[in-house]
Every structure is written in structure tokens, then in C-alpha cells.
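Atom set for the values below is all heavy atoms of this structure, side chains included, hydrogens, waters and symmetry mates excluded. Proteins get letters first, then strands, A, B, ... in listed order; numbering begins at 1 in each.
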2 protein chains.
Amino acid sequence: MGITKAAHYSAEQNELAGIIKALGHPARIAIVDYLLTVDSCICGDIVNELHLAQPTISQHLKELKNAGIIKGTIEGNAICYCINETAIEGLKNYFNGILKKLENKKFNCC
Amino acid sequence: MGITKAAHYSAEQNELAGIIKALGHPARIAIVDYLLTVDSCICGDIVNELHLAQPTISQHLKELKNAGIIKGTIEGNAICYCINETAIEGLKNYFNGILKKLENKKFNCC
DNA sequence: AATGTTTATCGTAATATTGCAATATAATAA
DNA sequence: TTATTATATTGCAATATTACGATAAACATT
């Protein structure tokens, strides 16, 4: 990013943008896709699934975790990552809220 | 962004990440917020609302438009921007789909 | 035609992101 | 203890994003 002026926006706008930004990369969409397909969630095999080096995956996982989109717990040697349902619900509600506001608008002219 | 390897992901993943990324900035969240509050959508006053210079706003509007999140039509001298309901529905459906998949998963252990 | 108004584009500086090799850390296995 | 395995961190090069001043383009008004 460049020089984002976070101070100009509300806390809600900054937080929401942060969460959404975390999903705004195909690798991280792919990680979420993958977490949904596997029934176990010991997820070292993400490195084999995506064509990215292990440090790169680790970095993407960290960003998803910081944004609250995934949760991780230590499972002995490995780490268990899974999707944080609450965060996804929050995003669904945000977009649903936009749709409801659009219904109440007098003009959405374009 | 750095060196994103778009070729490694599916067309759906790339497209979705692009749309989501467009909303992953507080200024663009604020623009969407603002478009929802005004009943007219002649939107030159976005420049007064957000604390950003006119070229910066124009650039953000362009990105939102490229991503399909807003639509713009020429209204004489000015331009009328409004939210593209279809795109928002798509995003809502994506997150709703994740929630449904989570319900069907045997383990979401974390 | 000349002026003003509104939005877009260009060029560029400052900063952020992406990806990876090398290395570190932490737990397990031999 | 010494490997081995799994994940994280560091450091860096390549690239992308953000913001803005200057300017252009398009239309409206006088």
C-alpha cells in the first residue's frame, strides 16, 4: 500500500477494510477454499496444494490469522488452522446490510 | 502488491480476490458508506466528505468501478456513481456459501 | 468565444505487499 | 543427545499501491 491515511476514517471503516483486505489476494482465497475442503485441519499440506514456498504460505496464514479470518491452535508438532465462523458471519452481515440499505434508497440511478 | 502469481489460482479465485481487494481500503469502504447515505448520487461531494484530494478520490472510484462494485453514468457535467447491487449480492453469497460449507464439515477444530 | 465546473489522467514520491532463500524455533522420533 | 519434521522469522529484491500536484478533457454558463 502507499500512504494510507487511517486517521481520516472511522474505527469501523479501518477495521472492516483490514479484514476484507486480508481476503483480497488469490492465495488467501485459495487457502480458505482449501480449509473448507479438508475435513481434518492439520494444514501443513497447504504448501503442497498451493504453488508457493513454505515461508510465503506462513506469511499468508499469519495475515489471515491477524485479520481474524482463521484461527490456529498448536497440535503437537504441527499447527491446526481453521476458519473463524464469526468473522465470516460478520462479513456476510456487512454485505447483507448494504443490500438492505439499497432497498430503502429512493435513488440508485445508475 | 508484490509478485502475485495469478497463474497458480483458478479464474474464480483471481476474480473474487480482485473484487474483494477493491473493498480492502478504508477510503473505498468510506465511499461505499457514503453512497449508501446519500439519496441523490451525484457524487462530486465525496471529495468534501473524505479528506482526500480529488485525483485520489477519482482513482479510488476507478478501482471500485473496475471491480464492478460501483457503476457510473454521465449526468451532464458531473458523473453519477452508485453501488452495483449484483456485485454486493455476489459477495454476500460467497460468504454465505462459506458458512454453509462450515456447517457440513465434520471438524472445524480450533 | 471565454470562463468556470467537474472528473480523469499523468507523473512521481513515499510506502506497502509479495515471494523466497536462509535461518531460527519448537516439538517429535530415533 | 542427535536427527527429523513442521512452522515461523528475518532480510531482501521485485513489484504494487496510495496520495497528490499539475494538467487535460468534457460539458455548462456567461
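Judged as a ring pair (Phe, Tyr, Trp, His ring centres under 6.0 Å), and not counting sequence neighbours, the contacts of B/F95 are A/F95. By the side-chain contact (heavy atoms from CB on, under 4.5 Å) test, A/E63 is found to be paired with A/R28, A/Q59, residues two or more places apart in sequence or in another chain being considered. Not counting sequence neighbours, the partners of B/K92 by the side chain to side chain donor-acceptor pair (under 3.5 Å) test are A/N96. In this structure A/E49 satisfies the side-chain contact (heavy atoms from CB on, under 4.5 Å) test together with A/Y34, sequence neighbours excluded. The side-chain contact (heavy atoms from CB on, under 4.5 Å) test applied to A/E12 returns A/S10, not counting sequence neighbours.
Residue B/Y81 places at least one side-chain N or O under 4.0 Å from the OP1 or OP2 atom of C/dA8. Residue A/K62 has no polar side-chain atom (N or O) positioned under 4.0 Å from OP1 or OP2 of D/dT7. When the side-chain nitrogen and oxygen atoms of B/H8 are compared with OP1 and OP2 of C/dG19, none of them lie within a distance under 4.0 Å. Remark: A/H60 is in phosphate contact with C/dG19, judged by side-chain N or O atoms under 4.0 Å from OP1 or OP2. At least one side-chain nitrogen or oxygen of A/H25 sits closer than 4.0 Å to the OP1 or OP2 atom of C/dG19. In terms of phosphate contacts, A/K21 brings a side-chain nitrogen or oxygen within less than 4.0 Å of OP1 or OP2 of C/dT17.
Along DNA chain C, the nucleotide nearest A/R28 and the nucleotide nearest A/Q54 are compared for position; the residue whose nucleotide lies closer to the 5' end is A/R28. Judged by closest nucleotide on DNA chain D, A/K65 is the one of B/T56 and A/K65 placed further toward the 5' end.
Candidate nucleotides D/dC20, C/dT7, D/dT18 were compared by shortest atom distance to the side chain of B/L52, and D/dC20 ranks first. Listed candidates were C/dT7, D/dG21, D/dT17. Nearest to the side chain of B/S58 is C/dT7. The nucleotide whose nearest atom lies closest to any side-chain atom of B/P55 is, among D/dA8, C/dC20, C/dT9, C/dT9.
In this structure, the side chains of A/I29 and B/Y94 come closer than 4.5 Å at one or more pairs of heavy atoms. Considering only heavy atoms from C-beta on, B/L50 stays 4.5 Å or farther from B/H60 through its side chain.
In this entry the distance linking CG of B/L23 with C1' of D/dT17 reads 16 Å, nearest Å. In this structure, A/I31 places its CD1 atom 13 Å from C1' of C/dG19, rounding to the nearest Å. The nearest whole Å value for the distance from the CD1 atom in B/I57 to the C1' atom in C/dA8 is 14 Å. Taking atom CD1 on A/I79 and atom P on D/dT5, their separation rounds to 18 Å, with Å as the unit. Atom CG in B/N66 sits about 13 Å away from atom C1' in C/dA8, given to the nearest Å. Here D/dT18 presents its P atom at 19 Å from NE2 of B/H51, a figure rounded to the nearest Å. Counting to the nearest Å, the P atom of D/dA22 and the CD atom of B/Q59 are 17 Å from each other. Rounded to whole Å, atom C1' of C/dT18 lies 14 Å from atom CG of A/L50.
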Nucleotide by nucleotide, nucleotides 25-30 of chain D touches protein heavy atoms under 4.0 Å in the pattern (B base, S sugar-phosphate only, - none) -BBS--
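A donor-acceptor pair under 3.5 Å links the side-chain atoms of A/N84 to the main chain of A/G68, judged by distance alone.
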